[in-house]
2 protein chains.
Amino acid sequence: MKLNSVDISKTASASSIVFEALRKAIIEGDVKEGEPLRQDEIARMFNTSRIPVREAISRLEEQGLVKTQRYKGAVVSGLSATEAEEIFDFRALIEPEVIRRAVPLMSAETLDSARTSWAAFSASSDPMSWGDLNRDFHSTLYQASGLQYHLDVIDNAMDRIDRYLRAQLVMSNGMERANEEHIAIWEACVAGNAKQAAELTRLHISGARESLIQNINSLR
Amino acid sequence: MKLNSVDISKTASASSIVFEALRKAIIEGDVKEGEPLRQDEIARMFNTSRIPVREAISRLEEQGLVKTQRYKGAVVSGLSATEAEEIFDFRALIEPEVIRRAVPLMSAETLDSARTSWAAFSASSDPMSWGDLNRDFHSTLYQASGLQYHLDVIDNAMDRIDRYLRAQLVMSNGMERANEEHIAIWEACVAGNAKQAAELTRLHISGARESLIQNINSLR
DNA sequence: CTATTTCATATTGGATCCAATTTACAATAT
DNA sequence: ATATTGTAAATTGGATCCAATATGAAATAG
């Protein structure tokens, strides 16, 4: 007889754990740009040797989140205003197309899940969670497209500007504005109006771009 | 007195050397999809230990060129027809916009270098070099845009479909057709007609997509 | 003979150790 | 005082060793 062997707890590799933790710390700004990542220090924090740390750093570098120099180590990548603008331009190109193709494929569950996301975003009084909830809302809708490669690329772009986007939400009326735009996008999706959802998404991103440009100097 | 100290030969790390070599081997199809990458074997080939090999594989996985399973190792990623189509769609979205923004910034040197590329492409009788020359042509033009992030993303997309694109150039009249389209794109750039260059680029990519769909089943 | 179970081998993941290089700082010369 | 040089400490890159897991073949039960 064969037992239904269920994977109770699939332990992730140390390297993956370190990678995810560092990625999160970087995109949330817990480690500032330019700050060095000391292998030894990180290894001690995770009770591992430096080997998994080095693999994690290799992966972070491939993602563009850190820059390394031989024998000098890794530092967290920064973004110039120009580079940040470029990434917003990139998003403004990709995301409208992704949501346009996603709209006809959205299930009731998808729309409900997205509504939950913007409701939580709207109701949250904790600025630290805004960034996550914002990403949740958009990625829930995008996932309906089934365009995995596009989704991966968007994730990377978001990772690079996450810090600046969070700062953006906190300052001025960034939060309120984003919230209103989310609702409008969501309503277009519910109405099945793919073109409108795409255009609203484009405006949502372009607007964030313009706000960021105005404020980027005060952020550094 | 201070001498002009010039870095004569900056040695790359073993990990980088292995990474570049494996990347090249994968995108050119020298290691087939599904084929396992044995750390020990690769380490022996490069006269190193497995440590740099593992870092190289980590980076390749982050790029999506290999897939790894814990304790089972890495295998070269394949692409389903659907995934290949998605990447062509992605390129058809990005590259026209990049060349559109590049055209007004193209110097005489850029145009000359691109002409050299398509001339070499056109004249080459070696199918193995077609893929490289094709990429050279496009990236020369794109680089004028100065959009580094876009360029990086395009490079990754190209890496994933490189194998299939090469096969595409070899079969039927792929090579002749690509050549004619390159010349048309180049002429639009010379004329400073950004919109036309963008539209021709879009058609160039869509055309390749359609050919690939028709032939992808015979490729596997 | 077939299915299951050992058990040896192969392979990967991680720890420890050593070498190469950079960095910080003291010593010295101008 | 300032700049240069020498040297020790800190840090990274890589090699070797050990542990954890998978794979495959032999042994065994039915």
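Predicted model only: the values in this text are computed from it and were never measured. Excluded from the calculations below are hydrogen atoms, water molecules and symmetry mates; all remaining heavy atoms, backbone and side chain alike, are included. In the text below, chain A, chain B and the rest are named by the order of the sequence lines, each starting its count at 1.
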Measuring from [X]:[atom1] to [Y]:[atom2], what's the distance to the nearest 0.5 Å?
{"X": "Ser113(A)", "Y": "Met106(A)", "atom1": "OG", "atom2": "CE", "result": "11.0 Å"}
{"X": "Trp130(A)", "Y": "Leu165(A)", "atom1": "CH2", "atom2": "CG", "result": "12.5 Å"}
{"X": "Ile205(B)", "Y": "Phe88(B)", "atom1": "CD1", "atom2": "CZ", "result": "8.5 Å"}
{"X": "His138(A)", "Y": "Leu151(A)", "atom1": "NE2", "atom2": "CG", "result": "13.5 Å"}

Could you check how far [atom1] of [X] sits from [atom2] of [N], rounded to whole Å?
{"X": "Phe19(A)", "N": "dG13(C)", "atom1": "CZ", "atom2": "P", "answer": "16 Å"}
{"X": "Gln69(B)", "N": "dT21(D)", "atom1": "CD", "atom2": "C1'", "answer": "12 Å"}
{"X": "Phe46(A)", "N": "dG13(C)", "atom1": "CZ", "atom2": "C1'", "answer": "17 Å"}
{"X": "Ile57(A)", "N": "dG13(D)", "atom1": "CD1", "atom2": "P", "answer": "8 Å"}
{"X": "Arg70(B)", "N": "dA20(D)", "atom1": "CZ", "atom2": "P", "answer": "11 Å"}
{"X": "Glu41(B)", "N": "dT11(C)", "atom1": "CD", "atom2": "P", "answer": "9 Å"}
{"X": "Arg44(B)", "N": "dT16(D)", "atom1": "CZ", "atom2": "C1'", "answer": "15 Å"}

> Would you say Gln39(B) reaches dG13(C)'s phosphate, i.e. side-chain N/O to OP1/OP2 under 4.0 Å?
Replying inline: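 Gln39(B) to dG13(C) OP1/OP2: side-chain N or O found under 4.0 Å.
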> Quick one: does Arg50(B) reach the base of dG13(C) with a side-chain donor-acceptor pair under 3.5 Å?
Replying inline: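 Indeed, a donor on one side and an acceptor on the other fall under 3.5 Å apart.
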> Of all the nucleotides listed (dA20(D), dG14(D), dT23(D)), which has the minimum atom distance to the side chain of Tyr71(B)?
Replying inline: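 When the side chain of Tyr71(B) is considered, dA20(D) is the closest of dA20(D), dG14(D), dT23(D).
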> Mapping Asp40(B) and Pro52(A) to their closest nucleotides on DNA chain C, which lands nearer the 5' end?
Replying inline: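 Mapping each residue to its closest nucleotide by heavy atoms, the 5'-most match is Asp40(B).
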Counting the atoms with a prime plus P, OP1 and OP2 as sugar-phosphate, which does [X] contact under 4.0 Å by heavy atoms, base, sugar-phosphate, or nothing?
{"X": "Arg38(B)", "answer": "sugar-phosphate"}
{"X": "Leu37(A)", "answer": "sugar-phosphate"}
{"X": "Thr48(A)", "answer": "sugar-phosphate"}

> Relative to the 5' end of DNA chain D, which residue comes earlier, Ile51(A) or Lys72(A), by the nucleotide with the nearest heavy atom?
Replying inline: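 Closest to the 5' end, via its nearest nucleotide, is Lys72(A).
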